[in-house]
Engineer: 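After the structure tokens below, expect a handful of questions from me.
Basis for what follows: all heavy atoms, side chains included, without hydrogens, waters or symmetry-related copies. As the structure is a computational prediction, the values presented were derived from the model and not from experiment. Counting convention: from 1, in listed order, for ligands and their atoms alike.
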Amino acid sequence: MNLRDSIKTLGGVGPKKAEAFGKLGIETLEDLAYYFPRQYEDRREVKKIDELKDGETAVFIGTVYLIIPSGYRGKRGQVLKLLVSDDTGSIEVVFFNASYLKRAFRMGARYVFFGRVSEGRAVKQMIHPDFSREEDMETGMLPVYPLTKGITQKEMRRVQRLTEPYYADAEEILSEETRNRNGLCEIGPALRNLHFPKEDEAFDLAQHRLIFEEFLVLEMGVLAARGKVGKGKGIAFDRNDAEQEYIAGFPYELTAAQKNCVQQIKEDLESGHAMNRLVQGDVGSGKTAIAEIAMFKAVRSGYQAALMAPTEILARQHYEGMVRSFGRYGIKVGFLSGSMRAAEKRDILEKLIDQEIDIIIGTHALIQDEVTFARLGLVITDEQHRFGVNQRMKLKEKGDKINVLVMTATPIPRTLAVVLYGDLDVSIIDELPPGRQPIITRCGIPGEKGNLEQLRRRCYDFVERHVAAGEQAYVVTPLIDESEVLDVKSATEVYEELSARFERIALLHGAMKQEEKDLIMEAFARGEIDVLVATVVIEVGINVPNATIMVVENAERFGLAQLHQLRGRVGRGTAQSYCFLLIGNPSELAEKRGHIMQESSDGFFIAEEDLKLRGPGEIFGTRQHGLPDMKLADMARHMNYLSEARNEAVRILEEDPELLKEENQPLRRRVVKLFGEEMTLNL
Ligand code: ADP
Ligand code: MG
């Protein structure tokens, strides 16, 4: 047997079990070896019943002296209650929905129970513990795996035990050099000690090695996708002050932060090294102007520029603005999106090849193979966090030695930026244009100040007064339709309810046809609609300065970063703006988020808090940045491993840029497996 064998080669795993394992992504023994415990049960110390404390998770041994099956109890099904004692006291053990367990216990026999102790009204209880007969007792640190229907914890542990002898055959992707340099153990012992830890020290070593491995593969992928370590040659734009000419056309003066950023971009673009820059600036900080200036410089140097936005609405808004602002310089701007008619598209594609279009603005449609340029010199991605790494890379592949600018309003904590972008240069716009008043944020939590309906009524009274004064409002809900989840306001529901109050009101959601969405957005932008009820389709980029109120229904269903993005839709003009977060189903987390929003308008601070609140459980939100999920590695806790891995990745690529050396083949295979062939073409 070896690790590449199917899980079906294990005794007791038939087709049905294999299918259940398949749902967990486990097909081979190797998959099993890399299926890691979520936590461990410490069964090293067996307690006496009188030592069991409320809230702790513990193991004890006792004699069953009474078995009380009860009748059917509603949702919870059959309840089985055991009274269990030892020489120090007694405890109630309860199983819900578990009539099948009746025959598992024998009166007068001794069993081991492991679970959480709760001190009920009068009695100690343990609800749904793990159990076994005393003679079958498992001790030590037991792994606890994430499960799926059809696979019990016992079964998972059993198959892991059967696989344990083969862990040592797992492919070693870290060369001896890498292991020595970083003090890492080999893969075999690492896997063994992670699944079945015996001593703390060995366990720590195992964790270190496997986390390092995950980070290393991640870093290799990120670096590979970017093409190379260090700076490559790039198209150099003309050294002149073209940007000043364009800046002079703005109706406002650039903020100091914008000027600074423009200067950095200018230096990049004239340097002859490919620009690889991230512009990070809070919502409303004026990133579009920066993009325009860079594109103007490209065109004045005889090149084309492309700007990709994550949604059609946003792309169109950019397009319309830029047709106007570039028009007066005789620069031709085109638009491309998936929803365009074939003939229109063909026309645009031809014009791109003939360089009859200087600047193209569009959606994902821009990265399709059929899109080719005559002389592309600059690509810009707006709201880059909405795109996967591959999508960004693909746009860059449309030309040779292209200059790249990515813009985001979702602040990435420094630490994460290093992993994701490495030596990508970062410009930060940490200043809003003058005259903006901070948005007043209020959190509606049902309680002393009224129940939810009362809070909502007051909130919409407020909206009504401001609408009467000529201002506009967004109302955002988490869902489109009612049926999806109970206790959550849907967009249609809210729309119907508010239609009684507001005459000029419209509904906007992702499932609508593009033309419909456009018509509504345009009408809203022209001020013909007062209240726009929408799902998160309006999350990114939309700019309507006369909109001053943002109401978020069921705000508890949104993450901090998302709430901050939503709030950024208002406060874009000079009038005082407001954001109301209505909490439909309060929880500690929801209230914390609400308070942070009330307290702060600093996107960077909010991003850090977001990371903290999401905690180690949700592995550092790589997915929202288009990277694969990590299994063990946790950004917040394992920062030092991360920088070790990063250094090692750079080192390996410096010595072997395309991973051609024999000893690097296992690593190369792993990186390709995780990131896909397409993204790792440079390897
Ligand atoms: P974001 O950074 O969120 O993309 P935008 O580029 O959409 O922000 O800019 C938001 C608004 O601020 C726009 O209406 C834009 O015209 C305006 N703006 C940008 N820079 C300045 C500035 N320096 N002074 C005044 N208004 C500005
Ligand atoms: Mg923007």
Side-chain angles (χ1 to χ4, degrees), residues 243-244 246-263 265 277-296 307-326 328 359 361-363 380-387 405-412 426-439 472 474 521 524-527 536-548 550 561-575 577 579 601-604 606-607:
E243 61 284 346
Q244 293 307 330
Y246 193 78
I247 290 170
F250 284 125
Y252 46 74
E253 174 150 13
L254 293 186
T255 62
Q258 282 172 315
K259 281 183 189 159
N260 203 1
C261 179
V262 168
Q263 182 58 29
I265 289 173
R277 184 170 290 278
L278 171 73
V279 173
Q280 196 171 306
D282 219 341
V283 281
S285 60
K287 294 183 293 295
T288 314
I290 305 286
E292 288 180 18
I293 294 164
M295 292 195 287
F296 184 79
L307 172 77
M308 180 164 73
T311 62
E312 172 125 11
I313 290 179
L314 187 54
R316 268 196 193 282
Q317 188 175 306
H318 279 321
Y319 170 69
E320 277 150 23
M322 292 183 198
V323 164
R324 277 195 300 275
S325 38
F326 286 115
R328 59 184 113 111
I359 290 177
I361 296 170
T363 60
I380 303 182
T381 316
D382 193 16
E383 307 293 346
Q384 65 77 32
H385 63 285
R386 288 305 205 84
F387 294 99
L405 187 65
V406 293
M407 308 195 294
T408 184
T410 300
I412 303 162
V426 181
S427 299
I428 293 180
I429 311 186
D430 52 1
E431 182 184 359
L432 293 181
R436 301 268 173 85
Q437 302 182 46
I439 299 162
Q472 291 166 282
Y474 296 100
M521 256 342 281
F524 187 70
R526 282 196 302 267
V536 283
V537 289
I538 62 152
E539 186 191 337
V540 281
I542 300 299
N543 189 29
V544 180
N546 191 48
T548 55
M550 166 67 63
Q562 215 176 5
L563 289 175
H564 181 65
Q565 285 275 316
L566 284 170
R567 180 170 61 181
R569 297 310 108 222
V570 297
R572 304 193 137 235
T574 44
S577 289
C579 174
S601 58
D602 175 351
F604 289 88
I606 290 175

Engineer: Which ligand 1 atoms does Arg572 reach within 4.0 Å, using its non-hydrogen atoms?
Structural biologist: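 Those atoms are 3 (O), 7 (O), 10 (C).
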Engineer: N/O of Pro434 under 3.5 Å from N/O of ligand 1, yes or no?
Structural biologist: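 No; the residue has no nitrogen or oxygen that sits under 3.5 Å from a nitrogen or oxygen of the ligand.
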Engineer: With under 30° as parallel and over 60° as perpendicular, where do the rings of Phe296 and Phe326 fit, or are they tilted in between?
Structural biologist: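 The arrangement is parallel - the two ring planes meet at less than 30°.
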Engineer: Considering only heavy atoms from C-beta outward, does the side chain of Val426 approach that of Arg277 to under 4.5 Å?
Structural biologist: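 They are not in contact (no side-chain heavy atoms under 4.5 Å apart), so the answer is no.
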Engineer: Hey, does Ile293 have a side-chain heavy atom less than 4.5 Å from the side chain of Leu254?
Structural biologist: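 In short, these two side chains touch, coming nearer than 4.5 Å.
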Engineer: Run the contact test for Met407 against ligand 1 with a 4.0 Å cut-off on heavy atoms, strictly below, and give the result.
Structural biologist: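 No, Met407 has no heavy atom closer than 4.0 Å to ligand 1.
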Engineer: Using a 4.0 Å cutoff against the non-hydrogen atoms of Ser285, which atoms of ligand 1 qualify?
Structural biologist: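 Listed by number with element: 2 (O), 8 (O).
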Engineer: List every atom of ligand 1 that sits less than 4.0 Å from any heavy atom of Gln258, numbering the atoms from 1 in the order shown and giving each element.
Structural biologist: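 So the atoms of ligand 1 that pass are 19 (C), 20 (N), 22 (C), 23 (N).
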Engineer: Check ligand 1 against Glu253 and write out every atom of the ligand that is under 4.0 Å from a heavy-atom position of the residue.
Structural biologist: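 Atoms satisfying the 4.0 Å criterion: 22 (C), 23 (N), 24 (N).
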Engineer: State which residues pass side chain to side chain contact (heavy atoms under 4.5 Å, CB included) with Glu431; sequence neighbours excluded, sorted by chain then number.
Structural biologist: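 Residues passing side chain to side chain contact (heavy atoms under 4.5 Å, CB included) with Glu431: Thr255, Ala256, Ala257.
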Engineer: Does the side chain of Val544 come within less than 4.5 Å of Arg569's, by heavy atoms?
Structural biologist: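 The answer is no, as the side chains (C-beta and beyond) never meet within the 4.5 Å cut-off.
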Engineer: Within the 4.0 Å heavy-atom shell around Thr288, which atoms of ligand 1 are there?
Structural biologist: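 Ligand 1 atoms under the 4.0 Å threshold to Thr288: 4 (O), 5 (P), 6 (O), 7 (O).
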Engineer: Applying a strict 4.0 Å limit to heavy atoms, is Gly284 in contact with ligand 1?
Structural biologist: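 Per 4.0 Å heavy-atom rule, Gly284 contacts ligand 1.
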Engineer: Test of understanding: given a 4.0 Å heavy-atom threshold, classify the contact between Leu254 and ligand 1 as side chain, backbone, both, or neither.
Structural biologist: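 It is the backbone that touches ligand 1; the side chain stays farther off.
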Engineer: State, yes or no, whether a side-chain contact exists between Arg316 and Ile361 at a heavy-atom distance under 4.5 Å.
Structural biologist: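 Answer no - side chains too far apart.
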Engineer: Tell me every residue that passes ring-ring contact (aromatic ring centres under 6.0 Å, His included) with Tyr252, counting only those two or more places apart in sequence or in another chain.
Structural biologist: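 In terms of ring-ring contact (aromatic ring centres under 6.0 Å, His included), with neighbours along the sequence ignored, Tyr252 is linked to Phe250.
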Engineer: Provide the number and element of each atom of ligand 1 under 4.0 Å from a heavy atom of Thr255.
Structural biologist: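 Listed by number with element, the hits are 23 (N).
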